[in-house]
Amino acid sequence: QVQLVESGGGSVQPGGSLRLSCAASGFALDYYYIGWFRQAPGKEREGIACISNSGSSTYYADSVKGRFTISRDKTKNTVYLQMNSLKPEDTAIYYCATSSTKYGLGYVPRGSYEYHYWGQGTQVTVSS
C-alpha cells in the first residue's frame, strides 16, 4: 500500500521545538521532491519547506526561514521538518507531499499545485 504518513505534531509553548516526520511506505522517496505545507483555519495552504530529490537544494518560506530545517534520510525513507523557535502563528495542520516532475537544476517546487501525492496531515499547536 502506497502511503505518506506524517507524525510528530502536538502542542508546544512559544519558543519550543518539534520535529515532524514524513514516512513513506510502498515506494521510495529517493526520486521525489518533498514539500512540507501547512494550512491554518481560514487560510490557504502554503509551502513552507521543500527539498530536491538529491537533497542538495531547498526552499524555505520567509515566515520560517532560519527557524525550520528540512532534511531527508534515505536509509529510513523519511523526510523531516525540524521546527525551532515556534510561534503561535505556526499553528496549523502540517502536510508533506511528493512531486515526481522533472525540474531545472536548482529549482525546488513550492506551490501546492506542483505536488501530487499528499499525506493526511498532523496538527501543530503553539500556545501558552
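Sequence positions, counted from 1, serve as the residue numbers for this chain. Below, all heavy atoms of this structure are taken into account, side chains as well, without hydrogens, waters or symmetry copies.
- Applying the disulfide bond (SG atoms under 2.5 Å apart) rule to pairs touching residues 97-128 yields nothing, sequence neighbours excluded.
- In plain terms, the two heavy atoms of Leu86 and Leu18 that are nearest each other are CD1-N, 3.9 Å.
- Closest approach of Tyr60 to Thr69, counting heavy atoms only: OH-CA, 3.3 Å.
- With sequence neighbours excluded, no residue forms a ring-ring contact (aromatic ring centres under 6.0 Å, His included) with Tyr117.
- Between Lys87 and Pro14, every side-chain heavy-atom pair lies at or beyond the 4.5 Å cut-off.
- By the side-chain contact (heavy atoms from CB on, under 4.5 Å) test, Tyr103 is found to be paired with Tyr33, Ser99, Thr101, Tyr107, Pro109, Glu114, residues two or more places apart in sequence or in another chain being considered.
- Annotation: side-chain hydrogen bond (donor to acceptor under 3.5 Å, both in side chains) contacts of Asn84 (sequence neighbours excluded): Ser17, Gln82.
- In this structure, Leu20 CG and Met83 CE are separated by 3.5 Å, a value rounded to the nearest 0.5 Å.
- The two residues Val79 and Arg72 make their nearest non-hydrogen contact at CG2-CB, 3.8 Å.
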Side-chain donor-acceptor pairs of residues 40-51 under 3.5 Å, sequence neighbours excluded:
from: Arg45; atom 1: NE; to: Gln39; atom 2: OE1; distance (Å): 3.4
from: Arg45; atom 1: NH2; to: Gln39; atom 2: OE1; distance (Å): 3.4
from: Glu46; atom 1: OE2; to: Arg38; atom 2: NE; distance (Å): 2.9
from: Glu46; atom 1: OE2; to: Arg38; atom 2: NH2; distance (Å): 3.4

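- Asp73 meets the side-chain contact (heavy atoms from CB on, under 4.5 Å) test with Thr75, Lys76, Tyr80; sequence neighbours excluded.
- Sorted by first and then second residue, the disulfide bond (SG atoms under 2.5 Å apart) pairs with a member in residues 66-128 read Cys22-Cys96; sequence neighbours excluded.
- In this structure Ser56 satisfies the side-chain contact (heavy atoms from CB on, under 4.5 Å) test together with Ser52, Ser54, sequence neighbours excluded.
- Scanning for ring-ring contact (aromatic ring centres under 6.0 Å, His included) contacts around Phe37 gives Tyr115, Trp118, with sequence neighbours left out.
- When the ring-ring contact (aromatic ring centres under 6.0 Å, His included) test is applied to Tyr94, no partner is found at least two apart in sequence or on another chain.
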Exercise answer: donor-acceptor pairs, residues 120-128 side-chain atoms, under 3.5 Å, sequence neighbours excluded:
from: Gln120; atom 1: NE2; to: Glu6; atom 2: O; distance (Å): 3.4
from: Gln120; atom 1: NE2; to: Glu6; atom 2: OE1; distance (Å): 3.4
from: Thr122; atom 1: OG1; to: Gly9; atom 2: N; distance (Å): 3.3
from: Gln123; atom 1: NE2; to: Ala92; atom 2: O; distance (Å): 3.4
from: Gln123; atom 1: NE2; to: Thr125; atom 2: OG1; distance (Å): 3.4

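- Take Ser7 and apply the side-chain contact (heavy atoms from CB on, under 4.5 Å) test, not counting sequence neighbours, and it matches Ser21.
- With rounding to the nearest 0.5 Å, the separation of CD in Gln3 from OG in Ser25 is 4.5 Å.
- Across all non-hydrogen atoms, the minimal contact from Val108 to Thr58 is CG2-N, 3.9 Å.
- Using a 4.5 Å heavy-atom cutoff, the side chains of Phe27 and Leu4 are in contact.
- For the pair Phe68 and Asp90, the minimum side-chain heavy-atom distance is below 4.5 Å.
- Between Leu29 atom CG and Thr78 atom OG1 the span is 7.0 Å, to the nearest 0.5 Å.
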